[in-house]
Structure formats: C-alpha cells, structure tokens
Amino acid sequence: MPFDKSKYPPYWPQFSLYIRRERAGDRCEQCNVPNNATVNRGTIDGEAFWHDPETGVIHSAKDGLILGRARMYELNIERESKIVLT
C-alpha cells in the first residue's frame, strides 16, 4: 500500500520520530525487538519467537520476554527479518 502524505499532518515526521525513539526507545512496543536489527523468527511449541543471532537470546514475539538462549541450528528458524519500525 503506497504512503499517502495527504492523510498525515505536516508535523508527522517529527511526531513519528518522537514516538519511535523517545516513547518506545527505538524498539517494538509489543515484542521489544530493536529497530534496524536483523533477527530470526520461528515458533516453539506453537508460540512465536524472535532470536537475536548476535547474543543467542530468544524472546517471545507476544511480549518480548526472554525465553532462553540457543544457537541458530538448535531452533526451527522460519525466516530472517530486518526490523524497520514505522
């Protein structure tokens, strides 16, 4: 879906940046994944997770809580994702 600038107020870029950086800490407000990170996504027992390949930490996609640590080959990785908060 294309971005239609006419539907947003003129101060939208500053407002959006404030929300993403100041209020949300440059992280997803739901799952706590950092902006601009490359993470692995998958499921464990039907529950979605995201995995930080640099630290090995596994986080719940539902609320960002740490589920544990694992190496990539130990997980059922479904895809790699570049995170871009909008």
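Predicted, not measured: the structure shown is a model, and the values here were computed from it.
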Novice: Got a sec, which residues hit side chain to side chain donor-acceptor pair (under 3.5 Å) with Asp4, two or more places apart in sequence or on another chain?
Specialist: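 Per chain and number, Asp4 pairs via side chain to side chain donor-acceptor pair (under 3.5 Å) with Ser6.
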
Novice: To which residues is Leu75 joined in a hydrophobic cluster, defined by side-chain heavy-atom contacts under 4.5 Å among Ile, Leu, Val, Met, Phe, Trp and Tyr, whether direct or through other members?
Specialist: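 Its cluster mates, by chain and number, are Ile44, Phe49, Ile58, Leu67, Ile77.
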
Novice: Minimum heavy-atom separation for Ala24 to Arg20, with atom names?
Specialist: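 That closest heavy-atom pairing would be CB-O, 3.5 Å.
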
Novice: Give the minimum heavy-atom separation between His51 and Ala70, together with the two atoms involved.
Specialist: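 Result for this residue pair: NE2-O, 3.0 Å.
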
Novice: Taking only residues two or more places apart in sequence or in another chain, which ones pass side chain to side chain donor-acceptor pair (under 3.5 Å) with Glu78?
Specialist: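 Counting only residues at least two positions away or on another chain, Glu78 forms a side chain to side chain donor-acceptor pair (under 3.5 Å) with Thr43.
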
Novice: Among Glu22, Arg21, Gln14, find the one that has a side chain to side chain contact (heavy atoms under 4.5 Å, CB included) with Tyr18.
Specialist: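 That would be Glu22.
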
Novice: Connecting only ILVMFWY residues whose side-chain heavy atoms lie within less than 4.5 Å of each other, what is the rest of Val57's hydrophobic cluster?
Specialist: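 Val57 clusters with Ile66.
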
Novice: In residues 27-36, what donor-acceptor pairs under 3.5 Å come from side-chain atoms, sequence neighbours left out?
Specialist:
{"unit_1": "Arg27", "atom_1": "NH1", "unit_2": "Asn32", "atom_2": "O", "d": "2.5"}
{"unit_1": "Glu29", "atom_1": "OE1", "unit_2": "Arg23", "atom_2": "NH2", "d": "3.2"}
{"unit_1": "Glu29", "atom_1": "OE2", "unit_2": "Arg23", "atom_2": "NE", "d": "3.1"}
{"unit_1": "Glu29", "atom_1": "OE2", "unit_2": "Arg23", "atom_2": "NH2", "d": "3.3"}
{"unit_1": "Gln30", "atom_1": "NE2", "unit_2": "Ala61", "atom_2": "O", "d": "3.3"}
{"unit_1": "Asn35", "atom_1": "OD1", "unit_2": "Leu85", "atom_2": "N", "d": "2.8"}
{"unit_1": "Asn35", "atom_1": "ND2", "unit_2": "Asp26", "atom_2": "OD1", "d": "3.3"}

Novice: My understanding is that only residues two or more places apart in sequence, or in another chain, count here; which of them pass side-chain contact (heavy atoms from CB on, under 4.5 Å) with Pro9?
Specialist: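 Pro9: side-chain contact (heavy atoms from CB on, under 4.5 Å) contacts with Tyr11, Trp12.
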
Novice: Does any pair with a residue in residues 44-66 pass salt bridge (charged side-chain N to carboxylate O under 4.0 Å, His left out), and if so which ones, sequence neighbours excluded?
Specialist: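 As it turns out, there is no salt bridge (charged side-chain N to carboxylate O under 4.0 Å, His left out) pair with a partner in residues 44-66 once direct neighbours are skipped.
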
Novice: Rounded at 0.5 Å granularity, tell me how far OG in Ser16 sits from OH in Tyr8.
Specialist: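 Output value for this atom pair is 9.0 Å.
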
Novice: Tell me whether Lys82 at atom NZ has more than 12 heavy atoms from other residues, nucleotides or ligands lying less than 6.0 Å away.
Specialist: yes

Novice: Using side chain to side chain donor-acceptor pair (under 3.5 Å) as the criterion, list what pairs up with Thr38, not counting sequence neighbours.
Specialist: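 For Thr38 there are no side chain to side chain donor-acceptor pair (under 3.5 Å) partners, ignoring immediate neighbours.
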
